[in-house]
Structures are given as C-alpha cells and as structure tokens.
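Residue numbers start from 1 in every chain, and the chains themselves are labelled A, B, ... in the order their sequence lines are given, proteins ahead of strands.
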There are 2 protein chains.
Amino acid sequence: MAEDEGTTESRAERKERTRRAILDAALALAADSNLAAISLRQVAKQVGVVPTAFYRHFGSLELLGLALVDESFRSLRLMLLDVWRHAPEYRDFIDGSLPIVADHVRDNRSHYAFIARERVAGPPRVREAINHEIALITRELSTDIARSGAAEQYSSTDIGLLADLIVSFVVTMAERLVEDPDSEARTLDQARTQLRMLLVGALNWRSREPADGGR
Amino acid sequence: MAEDEGTTESRAERKERTRRAILDAALALAADSNLAAISLRQVAKQVGVVPTAFYRHFGSLELLGLALVDESFRSLRLMLLDVWRHAPEYRDFIDGSLPIVADHVRDNRSHYAFIARERVAGPPRVREAINHEIALITRELSTDIARSGAAEQYSSTDIGLLADLIVSFVVTMAERLVEDPDSEARTLDQARTQLRMLLVGALNWRSREPADGGR
DNA sequence: TTGTTCAGTGAACGTGTGTTCACTCAATAG
DNA sequence: CTATTGAGTGAACACACGTTCACTGAACAA
C-alpha cells in the first residue's frame, strides 16, 4: 500500500534496519576487546532493543560473527577486482595496488580490525571462515600470477608460495594500518619498499636454483 | 626446621607453586577463547583455589597476562641466542635457524598460541607489551644483519625493512605451526623456500635500485 | 616459646549473563 | 474488513561475575 506520509517503512525494511544496527553494535563493542568477550545483552542494549529481540536476527553471537566475516570479505573482494583491474602492467603493479588496498582499509577500518582479531582469537568456526576466505584469495592471486606473469618459467608450486608470501605480507600490512592509522603514510612507504624486495626475489628466483619445474 | 618427612614445603615454595598453577590454568583456559573472555573465577576453580586467593598473586587478569608475556619472551630470547649461535654461516642461515624455531614452537605451543592471540586481541597493555618485544627482536636482527652481512652495501633503512620483513614472516610461520601442528613438516618446508625467495630478493636488491645509500 | 606474617578461606554484595515464555500490536495477505 | 504473521516486549529463571571483608592456621623470626 504505502499511501501518504513519506516516512512509511515496510516490515522488511524495518527488520533490515535493526539487523544492520545489531551488526554495527557488535562491531563497535568487539573493537574494545573481541567477539568472544562481548555479550548478547551488551549488543542489545547498544542497539536500544530488548535482549530477546536479538534472536529474531541471529541464533548466537557466533553466527553474528560469521555474518560479519561474510560482509567484510564481500566488500574486500570488490576492492580486489579494482586491484586486478588497475594493475595490468607488471611494472607498476605495486604502486597501482597498494593505495587501493590502503584506501579500503581506511574506509572499512572496523571490518579489517574485526578480521585481524577474529582470525586468530575468534570462535573456531569464525577463524575457519576467515582463513578459508584468505586461502581463496591466495589461490586467485596464484592463477593471476601464472596468467599475467611468465607462467612456464616457474613451477606452480613456487607460484603458490610466492602468492602466499604476498598475501601474508599484505595481511600484516593491513593489521598495521588498522592498529596505527596515523602512521598510514609511513607504513605504506615501508610496505612499498618491502614488496619490491619481495618481488625482486621472485624475479631472480629460478635463475639461482637448479630448474626442475617449467612443465 | 625441615626435619623428618621429605615432603616439607617452605612458604615461598608453596606460593610459587600456586602462582605457577594460576599461570598454567589461565594459559589453558585462554587457549579455548582468549584472555579477555575468561574470568578470574574460572581460573581459580581450575587451580582448585578460592577466587579471592587469586589476588594474592596478581592484581588482575591483565597483570597475569603481562606476566605470561614476560615468561614467553624470556624463553623465546634464550632460543634466539641458539639461533644466532648456530647460524654463523650466511650460507645455511635458513637451514640452521628454522628447525630451532620450529622445535621451540612445538615445545612451547601454549605460550606461542597465547602470544599470537593476544598480540592482536588482548587487552591494550598486553598487545603493547608483545609488540614492543617483537620490535626489540627486529632491532636485534637488524644489527645482526648489519654486522655479519655486507653492512656498507645497504642503507641502514633497508636493513631495517629487511629485518622487519623476516620477523613478520617468521611470526606468520609460528602462527601456522601453532594453528596446525600436524602439518609442521609441510609448513616448515614451504617456509624454507619462501625465506629463500625473500633472501634472494635481499641479495639482488641494491643492484636493481639506483644507489643513494651506501654512505 | 611467643608473636607476627600472610597464603588461602568462605560468606556476602550487587550486578550481568543466556535463554524460556507468553504477550502485543502494526504491517501484511486474503 | 478480517485473519495471520512476526519483530519487538518484559518478566522470570538459575547461574556466573568481580570485589569486599573478617577469618584461620601453618610457616616463620625473635
């Protein structure tokens, strides 16, 4: 229906609004400690809703956590599409990618903080979900390196190890950007140099090792 | 004093025994979640002591956490002395060092798990203490690289960045050894290759960059 | 032998916890 | 217009929480 009064709100809209408020409240509360240390009642109070209402949206705090993992990585993957798109040139791969990542971390600080924390300290299922997402991204980076780089110069094993090295490093960098946002410029500057060191190693890799891959 | 009955226990000994039991209980309980999520009463119950007795040893769980950080890194630094000692040769630096680290992680799993978790998810002062210790180790590695390697070939800034890269990587590797102890052999194997990649990058570094350091 | 020290006790407090249940009452469907 | 649905309510439960306080009794110093 929805006739006059522009402020009418459908039932589904209202529910989604509360759901978002719960997600945001949990994100904010967990920021001062972590998911396992906050309570359903704290979240409900912060949202301005009675504790029982929580169950209309999530069966437990752990499931809430999985939802947060989901939306964090949904956003992160969109950002990665930008990275692949803006870095077709191998030359300025680093200079093209790092700022995009840094921007995304800055614009989604609370989500990255959540991921960084819960990856090691969250409930087992949450940790698992996060590590799985990171593994998927590593795999994607591997195929991307294999495709755009010299695929037959390195063994697929070594490409996987390189991708893992890069992803691990970027995770560490993201942790630092989250932990100390004021030093973003310096952190980025150092990370750029370090990523270069790493890629120099990759480029000079096979030339120093007896070849056994290449097919 | 202390005549017959070999089982006599001095007052100080008894206190130290309880203190250790509290530390171990906290370590064990936190392993299933994290420090901020456990309670003083859980720890006391696990030790088999009344909650109030806790205060005879630690003013709060946070101070308990700082004590655990302390003893973790005391042990870790002893291990690092072994590493420096067993790796005088630049050639087998990696093969000499990694097994020592892996052994130490295996023999002190709960401490490493604690450090890995609380580094990102612990109370602020605990996080701070851990990051400070890691920074100290990075600084030590820097001076060690500068001393044993070609000190005037690379700028001290770049040496610092390389040390940071190595320490960050080893931290990540330790996290993995803790998370999945059954895959130790594979994790170590991959880490060895990845560390080689990294060092190849370091060795070929300045030759690819316009020299501005070197004095 | 006598007096002190202090690790550990046990009761008590106000408050926070997850989860249950029967309920209200506005948005929807028929 | 009427019936149904379901997001949010509020009371109640049994229990866990940190912290206080006065206490006990064995190890100790004198």
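Here the P atom of nucleotide C:dT20 and the CG atom of A:L40 are 11 Å apart, to the nearest Å. Distance, A:F54 CZ to D:dT9 C1': 17 Å, rounded to whole Å. Rounded to a whole Å, the NZ atom of A:K15 is 8 Å from the C1' atom of D:dG6. To the nearest angstrom, P of D:dA7 lies 12 Å from CZ of A:R19. The nearest whole Å value for the distance from the NZ atom in B:K45 to the P atom in C:dT9 is 14 Å. Counting to the nearest Å, the P atom of D:dA27 and the CZ atom of B:R14 are 8 Å from each other. For the pair B:I38 CD1 and D:dG18 C1', the interatomic distance rounds to 14 Å; values are reported in whole Å. Following rounding to the nearest Å, A:Q42 (CD) and C:dG16 (P) show an atom-to-atom distance of 10 Å.
Around atom CZ of A:R20, more than 12 heavy atoms belonging to other residues, nucleotides or ligands sit under 6.0 Å away. For B:R106, the CZ atom sits in a packed shell: over 12 heavy atoms of surrounding residues, nucleotides or ligands are nearer than 6.0 Å.
Side-chain contact of A:D158 with A:W205: a donor-acceptor pair under 3.5 Å is present, judged by distance alone. Under 3.5 Å, the side chains of B:S168 and A:R176 contain a donor-acceptor pair of N or O atoms. For A:D164 and B:Q190, the side-chain atoms include no donor-acceptor pair closer than 3.5 Å.
Both A:R11 and B:R11 sit near DNA chain C, but only B:R11 has its closest nucleotide nearer the 5' end.
With contacts defined as side-chain heavy-atom distances shorter than 4.5 Å, the pair A:L198/B:M197 does not qualify.
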Is there any protein nitrogen or oxygen under 3.5 Å from a nitrogen or oxygen in nucleotides 10-15 of chain D, and what are the pairs?
unit_1, atom_1, unit_2, atom_2, d
D:dG10, O6, A:T52, OG1, 3.0

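A salt bridge links A:D95 and A:R196; the closest N-O separation between the charged side-chain nitrogens and carboxylate oxygens is under 4.0 Å. For the pair B:E118 and B:R127, the salt-bridge criterion is not met [side-chain N within less than 4.0 Å of a carboxylate O].
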(message) Let's go through B:E16 and B:R11 carefully: what are the C-alpha distance in whole Å and the side-chain angles of both, what is the deciding distance for side chain to side chain contact (heavy atoms under 4.5 Å, CB included) to 0.1 Å, and is it a yes or a no?
(response) CA-CA 9 Å; B:E16 178 53 27; B:R11 193 121 87 132; over 6 Å; no
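Within residues 55-65 of chain B, the residues that have a heavy atom under 4.0 Å from DNA chain C are, in order of number, B:R56, B:H57.
Side-chain N/O atoms of B:S39 include none lying less than 4.0 angstrom from OP1 or OP2 on D:dA16.
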